[in-house]
**Q** 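Here you go, one structure.
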Amino acid sequence: MKDKYDVIVIGGGAAGCEAALAAKNAGVKNVLIIEKEKRLGGILNQCVHNGFGLTHFGEELTGPEYAERVAENVVNAGIDVLLEAEVIELAEGYEVKFASYNEGIKTVSTTALILATGSYERNAGAILLPGERPPGILTAGQAQLLMNVEGYAVGKRVFILGSGDIGLIMARRMTLEGAKVLGVAEIMPYSNGLNRNIVQCLQDFDIPLYLSHTVSNVYGRKHLEGITISQVDEKFNIIEGTDIYFEVDTLLLAVGLIPLTSLLDKLGVKFSKSRSAVVDERLETEKPGLFMCGNSLHIHDLADEASKEGELAGLMAANYVLNKNKKVEQKVKLLQVSPSKGVNYVIPNFVNYPSEVDEITFRLRVSKPMLRSKICFYVDDKLIKTKFYPFLIPSEMTTITLKKDELVDGKSLTLTAEEING
Amino acid sequence: MKDVIIIGAGVIGGLIARELSRYKVSFLIVDKENDVANGTTMANSAIVHSGYDPMPNTKKAYFNRKSVPLFPKLCEELDVELDNIGSLTVALYEGQLPLLDSLVKRAKENDVEVKLLTKEEVLAIEPNLNPDVLAALYAKDAGIVNPFQLTVHAIENAIDNGGELLLNAEVKSINQKEDHFEVVTSKGTHLAKVVVNAAGVHSDDIAKMVGDNSFEITPRKGSYFVIDKLAEPLVNHVVFPLPKGGSKGILVTPTTTGNILIGPTSEYSSDKTDIGTDAPTLNKIRESALTLVPSIPFNKTIRTFSGLRATPDTGDFIIEESKVAPNFINVAGIESPGLASAPYIGIYVVEELIAKLLPLKEKKNYNPRIKKYTKPKLLNEAEIAELHKKDPRFARMICNCEQVSEGEIVEILSRSVPVNSIKAVKKRLRAGFGKCQGGFCQIHVMKVMADFYKVPLSKIVFDEEDSYIVLDDKDER
Amino acid sequence: MAKKTLICIVCPRGCHLEVDENFNVTGNFCKRGIAYAKEELTTPTRTLTSTVIIRGGVIPRLSVKTSAPIPKEKIFEVMEEIRLVKLEAPINVGDIIIKNVANTNVDIVATQTINKQ
């Protein structure tokens, strides 16, 4: 391990590893990944199911296979890797302070910093889960780690709140391991997960899906004994008299992921609606040389997308390092990117005009399900691009690239998404 | 036979025990829970009230006022987090101003220094308050304390000085004999000359066991929100609304752990074990708190919880020898400002009440200080390097959200107060207290405990005895 | 047989397929959807992923998968065989853990490498 690096990537998951690889391949000499676990791969290591790698590797892989491939590439590329080390503080410059059993608490400095720290799960407190607080209430990811990596069973009679992919995957996983999954409740009127998972995780095992329902009470002192679910109206208020009681010893919460960005608190970085730092199309934050990618920037549905984003961050960090002392010739403007009608959020939050990259990638989510729709790009009032879709849903991220010369000068870039009538 | 049995290992029982351990007196603390500080002490506002608020000439006023100046030395000796941040009691409407004036008068009667601030003065020191604020009462002596540490460390000190603790021992009956009591618990019968009843919401049930029906305790439930650590401070003081109907109202306060605490509500309950939360109550708290501090980021809530206060039908603290059962001391109805009154309650019970019943000779080798806990976050680079050399486990992070190391966990496991559960670790070290609420770290905390106690992971419990968390051992399916 | 609708599970797209009585498929984005629809309505198969106990390695569970899809009705029979496995580290990704599991002519293979502790 060196005292100083050109690029340090915090987090060795799908995004972080690709970021390090891209930086190294672009010619950066000294690249380091700092990872808190015993091995690279991040959350992929506990995702024993398949569905990964279709675009990134051109074949369908399980999470661990994907992780292992990426890790092997990292090692072969001569990237330094520090495992079982937790980054505890960041300072301008950039100074990265970490803690590890072997090294103690040390600081290492770097020219460019890439944050790829992933996300954490929304928990019972954050969703104001009512009732008692006995053991037996876990987040889906927590249960997945306990079962798939640590080798512990968590319960025999299970209910799952949240129909996102992780909830559906765990419904199947627990059923295969001999538990009885009594149902999945979803507060929205539509499921949040991929269609294929509704089929192969719920329908295959006759597990009922209760749409427009949420958990209304939790019972049990020493251990979870039961829950009630109730129907909700359009305002998500509980409808009286719709309670259904389930006798369960396990309640899994699959109610969303939140970017893990606490290391940024002390740096005074500006945050956006996607609960992470504001970035431009090069994935650089407001702080020069500080880049973000993966779930710590915004929550992805597919590891392949997170990897792709990591690649861009790594490449841009490399450009930053290699061009650091070159004078900036061209005057560059910043276009503010605003999600508007029908668009919940979009990354990046700013685009440089003219841009350094040939293709600008926009990743966004719509705010409600739409059939036969279009996404429009406006610079001020001018429509510069339209893309058509047979359907758009909030639980599936939409990726659109704009060629550098499709962009025109202006103050702001607005994106809208709407159904086409007629 | 012990000289004293203390029933209840909350902050009151704990501080009584700590004072008692100064003297050559044998004592046993019994508690029905699997950890100390598992009742009201675990779920309150963690505030050291300045003492202006209780009605003058009550025990509440007296004990609060006398305890406040004791906190700094007590917390230094017991290595407890304490922050003298002051409090603001805020008037938002014209109609509230007379009440504010009456509080100034009351403060004077209670001999507590307060200052009336104008709108400009308040907003200058508390900029995130509702801009409609008209005036506020500033009490400089108020502060926040860590009630878990206070209790755990007080009992640690008491045990180190010779006292004993028995957990999971629920008192079933008490037989008063000629010169002693037989305290029958779920963990055997224990004899003592004097019994101190500090049993929180159950103290009336305990008193009835010796025929003392002089008071009733009604549990009064309060719910809270805990907000995640924020990049910028939200409030700098404890912020109170004006009191309404005998309750201090829904306050907004920082905690010594770096969070924001919002609550509590006040509902009389009939169930002494009900500490669940419900949506309507939580919504009430949110609405009320937003009138005080409109920018509270409720979307950063990491936890909600409820606690029960022991509300006495006498309207005031009950701190006296029972009139029905000699040598039986009731320390009951310790609702707000209970925590803020605890230090002097401890001293008073020992030096004024027990002293009348037993000869109290000071121990020569009494040590009022506990061994300071290792705090890696407060060490400089050289000290950290040395610490790491001595024990590298202090650099192995177990809880990343709160940055708690394996070394710190092992340290609490090695101290005199037993650590029997995940919840016990959480109370002492905040591991599992942060934004992920144990999502990442609970398994690792469990492993450290399993390794230390040499038991399989399936024997590690969440809170109560046999509240197991995982089902099988890793070799079976 | 009236028109049947089903969701393709071959890839994350999850196309909504319609199949008529002559097994003509519409709604598919690619060829694989056609093959899937025909199979799903006659002899449905699934790829199974799970874990097995492994001793002496850096972690106590090895993730595994079926080397090819297996008949859907054999899922729990295959799980029973997987449950009984107890391996010793090291194991490499791709190693065959069970040959011809539950008489399906499909193997259970390791999807990760676990080295000795």
Side-chain angles (χ1 to χ4, degrees), chain A residues 37-39 41 44-55 59-69 71-72 83 144-152 165 169 172-173 175-178 191 193-201 203-205 301-305 390-391 393 395-396, chain C residues 5-17 27 29-30 32-33 36-37 40 44-55 57-69 72-73 75-80 82-83 86-87 91-94 109-115 117:
Chain A
E37 296 292 337
K38 288 188 224 186
R39 35 185 192 163
L44 291 165
N45 285 318
Q46 65 183 61
C47 297
V48 303
H49 55 282
N50 55 8
F52 301 89
L54 283 152
T55 49
E59 51 178 305
E60 183 162 29
L61 301 172
T62 58
E65 284 170 311
Y66 191 112
E68 209 166 296
R69 292 239 185 134
E72 214 179 291
L83 296 170
Q144 190 182 54
L145 175 70
L146 281 168
M147 289 178 71
N148 293 346
V149 177
E150 303 289 347
Y152 291 96
D165 287 323
I169 294 287
R172 176 177 63 182
R173 186 82 189 96
T175 305
L176 289 177
E177 288 295 326
S191 162
L194 297 171
N195 282 334
R196 81 191 299 218
N197 286 331
I198 302 283
V199 173
Q200 60 190 3
C201 299
Q203 287 176 4
D204 274 8
F205 304 105
D301 312 312
L302 298 171
D304 300 58
E305 279 296 312
F391 67 89
I393 49 178
S395 59
E396 276 177 33
Chain C
T5 51
L6 38 101
I7 292 170
C8 180
I9 63 170
V10 177
C11 87
R13 268 191 98 91
C15 298
H16 287 253
L17 306 173
F29 183 74
C30 74
R32 295 185 296 168
Y36 169 76
E40 183 70 5
T45 61
R46 295 285 185 267
T47 298
L48 197 61
T49 56
S50 186
T51 58
V52 297
I53 297 172
I54 182 168
R55 298 216 176 95
V58 294
I59 57 169
R61 288 288 187 271
L62 172 79
S63 57
V64 297
K65 71 178 180 189
T66 50
S67 55
K72 188 173 154 194
E73 75 260 15
I75 287 180
F76 284 99
E77 202 184 317
V78 170
M79 279 306 301
E80 272 309 307
I82 289 177
R83 208 190 305 275
K86 286 188 172 60
L87 298 171
I91 295 282
N92 291 309
V93 61
V109 297
T111 55
Q112 64 186 188
T113 298
I114 292 185
N115 296 315
Q117 176 122 71

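Proteins get letters first, then strands, A, B, ... in listed order; numbering begins at 1 in each. None of the values given here were measured: they were computed from a predicted structure.
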**Q** Please check if the side chain of R61(C) supplies one atom and the backbone of N148(A) the other of a donor-acceptor pair under 3.5 Å.
**A** no
**Q** Looking at L194(A), V149(A), D165(A), which makes the most heavy-atom pairs under 4.5 Å with chain C?
**A** V149(A)
**Q** What's the separation between atom CG in N50(A) and atom CD in E60(A), rounded to the nearest 0.5 Å?
**A** 4.0 Å
**Q** Heavy-atom distance under 4.5 Å to chain A: side chain of V58(C), backbone, both or neither?
**A** backbone
**Q** Quick one: which of R39(A), Q46(A), K38(A) has the most heavy-atom pairs under 4.5 Å with chain C, could you say?
**A** R39(A)
**Q** Tell me, side chain or backbone of F52(A) under 4.5 Å from chain C's heavy atoms, or both, or neither?
**A** neither
**Q** Could you look at I75(C) and say if it's the side chain, the backbone, both or neither that has a heavy atom under 4.5 Å from chain A?
**A** side chain
**Q** Under 4.5 Å heavy-atom distance to chain C, tell me which part of L302(A) shows up: side chain, backbone, both or neither.
**A** side chain
**Q** Judged by modelled atom types alone, do T49(C) and R172(A) share a side-chain donor-acceptor pair under 3.5 Å?
**A** no
**Q** Please confirm whether the backbone N or O of I7(C) pairs with a side-chain atom of R196(A), one donor and one acceptor, at under 3.5 Å?
**A** no
**Q** Is it the side chain or the backbone of L6(C) that comes within 4.5 Å of chain A heavy atoms, both, or neither?
**A** neither
**Q** Report which part of L54(A) has an atom under 4.5 Å of a heavy atom belonging to chain C: side chain, backbone, both, or neither.
**A** side chain
**Q** Quick one: which of M147(A), E68(A), H49(A) has the most heavy-atom pairs under 4.5 Å with chain C, could you say?
**A** E68(A)
**Q** Can you name the nearest heavy-atom pair linking I114(C) to G57(C), along with the distance?
**A** CG2-CA, 3.9 Å
**Q** Quick one: what part of C15(C) sits under 4.5 Å from any heavy atom of chain A, side chain, backbone, both or neither?
**A** neither
**Q** Considering residues, nucleotides and ligands other than F29(C), do more than 12 of their heavy atoms fall under 6.0 Å from its CZ?
**A** no
**Q** Could you go step by step and tell me if H16(C) and N195(A) meet the side-chain contact (heavy atoms from CB on, under 4.5 Å) rule?
**A** CA-CA 9 Å; H16(C) 287 253; N195(A) 282 334; 3.1 Å; yes
